[in-house]
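Positions are given from 1 along the sequence. Please read these numbers as outputs of a predicted model, since none were measured by experiment.
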Amino acid sequence: MGGRSRVPRMLSISLTVLAVYSAVIALIPPLRRGLSGLTEFVDSWLFPIAPNLAYAAFTALLAGALARRKRIAWRLVVVLLGISLALSLAGVLVLLYVPGGTFEGGKGTLAETAFSLVVVTLLMVLMLWSRQEFYARVQPASARKAILTLGGLLAVSFVVGFLLVTAFSGTLPPHRRAVWTLSHTLGGVFDVPHPGHPPSWVSFLIGLMSAIALITAFAVLFRSQRAKAVLAPEDEERIRKLLGERDSLAYFATRRDRSAIFSPSGKAAVSYRVVNGVSLAGGDPVGDPEAWEHAIRAWTDQAAAYGWTPAAIGASEEGARAYQRGGLKVLELGDEAVIDVAAFTLTGREMRGVRQAVNRVERAGYTLCVRRHHELNPEEMRTIIGRAEAWRDTETERGFSMALGRLGDPRDGQCVLVQARKPDGDEAALLSFVPWGATGLSLDLMRRDRDAENGLMEFMVAGLVEAAPGLGVDRISLNFAVFRSAFEEGARIGAGPVIRAWRRLLLFLSRWWQLESLYRANVKYHPEWVPRFLAYGDTRDLVKVGIASAVAEGFLRPPSLPQLLRRGEA
């Protein structure tokens, strides 16, 4: 059984090597000519291969789908092997029983064709033997959508290619242009001898367009991500009933761009979103800790069924242990800053910077207003939403694990809004906090007018702490500082070369991502640092999980096809 489980990875590695080889010999003509003997050997005795970008793209996508154990990829390989098996068998029969017969589908001599038949048969047996290892499903109607996508894009590739061949025909006769274009559009599926050829760059462009068509179509075919993550109203109601006092991030499980999967008893749930093939859970499971493992098992089983990579971002220490018991590895990601309301004070030398900032803003005439969301009338909430939108410094709302992504929803009435107003009464900045159980708050949103007085954030946090007892709040969670210990330990005298180098790298990355600034923004309050963890399935998936996390949090936004088209028109 152990050998059978390794078949998908072995097939994936083999096809990946073939894809890279096909792409290299397609892009480098001298190398293609120099390796013609090797190419002919592989094509004749092992596996079909062609110096074509479209074929390379097809093979690479098939390799990726096999690695993710997609059942549709297994079926496709079986179909292709079945066709090759039928051709080889027909070739053997023709060469055996037809005097002087030849068969174009065979490999030449009887011995070569028979050997090809044996190889294909063994591969077919291997695929049938390992059938149970390819269990991952895809979206309903993916095959139909992929066929329509492929047909449409290949038609475009053929039309554009034919126009290019007509304009730059080279030595290709006019009556062979359509057949030549069709052959190259289809990635050399059928090889027809042609007396002449157009310039090599025309062949390259046609192959590139066909490769894009194949990549797009097979992405549709093999995709496992749901078209849109939506938290159904009944699931949101169940999630709200499971929110407890443990995790400061629990309320973010009510985000409506996440899905939820529940334990069989319904006493716990994992809140997640699928991003680039990664089933990304946010924070700890919600509900009864005794049922967490059952919810995690249901989540990981679902990920396996769809070929997703399971990962959890922002888990607490308790949640990380539960994910670890569920079969995931754990890595410390950073620390969450938590203020103990009873212990917080502006007095003392270590709080001098915060105290001076608060006094400066107060002297400038700024005022503060702290209220629950349900205390705002509709007009006030519309104003707040408008200002939050205007002050946002990114195209889209950031956040996944520590952001709610909405304002003004009636169901969020227990959230707390902190407003700072200028001396003339106009809005200057705002903070919004979600409930953390019955007696805590967790930062959701932070926006400010760039022209407002420096020190506003310190003024607002201190004002919230002062108003907290009246709200029944005794703990406040602020921002999450990624790799906080590296910034702190790396700056100490006597720090080792490894931690110093790690800190320098993080400082370099902080030019694009707010790594150091988030640490600096929190450390001034001398909070309690609560570690947060990343849970993941396999070490080789860490890069994939990291990219998915960056996309989910809004730090990385891969351009969509419509965006690329709009940029092209501009």
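- The environment of CD in Glu290 is sparse: at most 12 heavy-atom neighbours from other residues, nucleotides or ligands sit within 6.0 Å.
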Could you check Thr254 against Leu243 for side chain to side chain contact (heavy atoms under 4.5 Å, CB included), going step by step and ending with a plain yes or no?
CA-CA 9 Å; Thr254 66; Leu243 300 179; 4.3 Å; yes

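- Contact of the Arg325 side chain with the Trp292 side chain is not registered, since no non-hydrogen atoms from C-beta on lie closer than 4.5 Å.
- A distance-only check finds a donor-acceptor pair linking the side chain of Tyr366 to the backbone of Glu453 [under 3.5 Å].
- Taking a 6.0 Å sphere around CD of Glu375, one finds it holds more than 12 heavy atoms contributed by other residues, nucleotides or ligands.
- Between Tyr525 and Phe344, the ring-plane angle classifies as tilted under the 30° and 60° cut-offs.
- The shortest side-chain heavy-atom distance between Ile296 and Leu328 does not fall under the 4.5 Å cut-off.
- For the pair Val473/Phe433, no side-chain contact is recorded, criterion being any heavy-atom separation below 4.5 Å from C-beta on.
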Run the side-chain hydrogen bond (donor to acceptor under 3.5 Å, both in side chains) check on Ser316 and Asp247 step by step: do they pass?
CA-CA 7 Å; Ser316 70; Asp247 189 12; 5.2 Å; no

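- Shown here is Lys267, whose NZ atom has no more than 12 heavy atoms of other residues, nucleotides or ligands within 6.0 Å.
- Within the 4.5 Å cutoff, the side chain of Val530 has no heavy atoms near those of the Glu317 side chain.
- In this model, a donor atom of one side chain and an acceptor atom of the other lie less than 3.5 Å apart for Ser248 and Glu336.
- A 4.5 Å side-chain heavy-atom check between Trp436 and Ile476 finds every atom pair outside the cut-off.
- A donor-acceptor contact shorter than 3.5 Å is absent between the side chain of Arg355 and the backbone of Thr345.
- Proximity of a side-chain donor or acceptor of Arg532 to a complementary backbone N or O of Gly283 within less than 3.5 Å is not detected.
- The closest donor-acceptor contact from the side chain of Arg258 to the backbone of Arg273 lies at 3.5 Å or more, if one exists at all.
- For residues 462-479, the set of pairs meeting the salt bridge (charged side-chain N to carboxylate O under 4.0 Å, His left out) definition, not counting sequence neighbours, comprises Glu245-Arg475.
- For Asp444 (side chain) and Val434 (main-chain N/O), no donor-acceptor pair under 3.5 Å exists by modelled atom type.
- Judged by distance alone, with hydrogens and angles left aside, the side-chain atoms of Ser549 form a donor-acceptor pair with the main-chain N or O of Val545 at under 3.5 Å.
- Put simply, the side chain of His526 gets close to the backbone of Glu350: a donor and an acceptor are under 3.5 Å apart.
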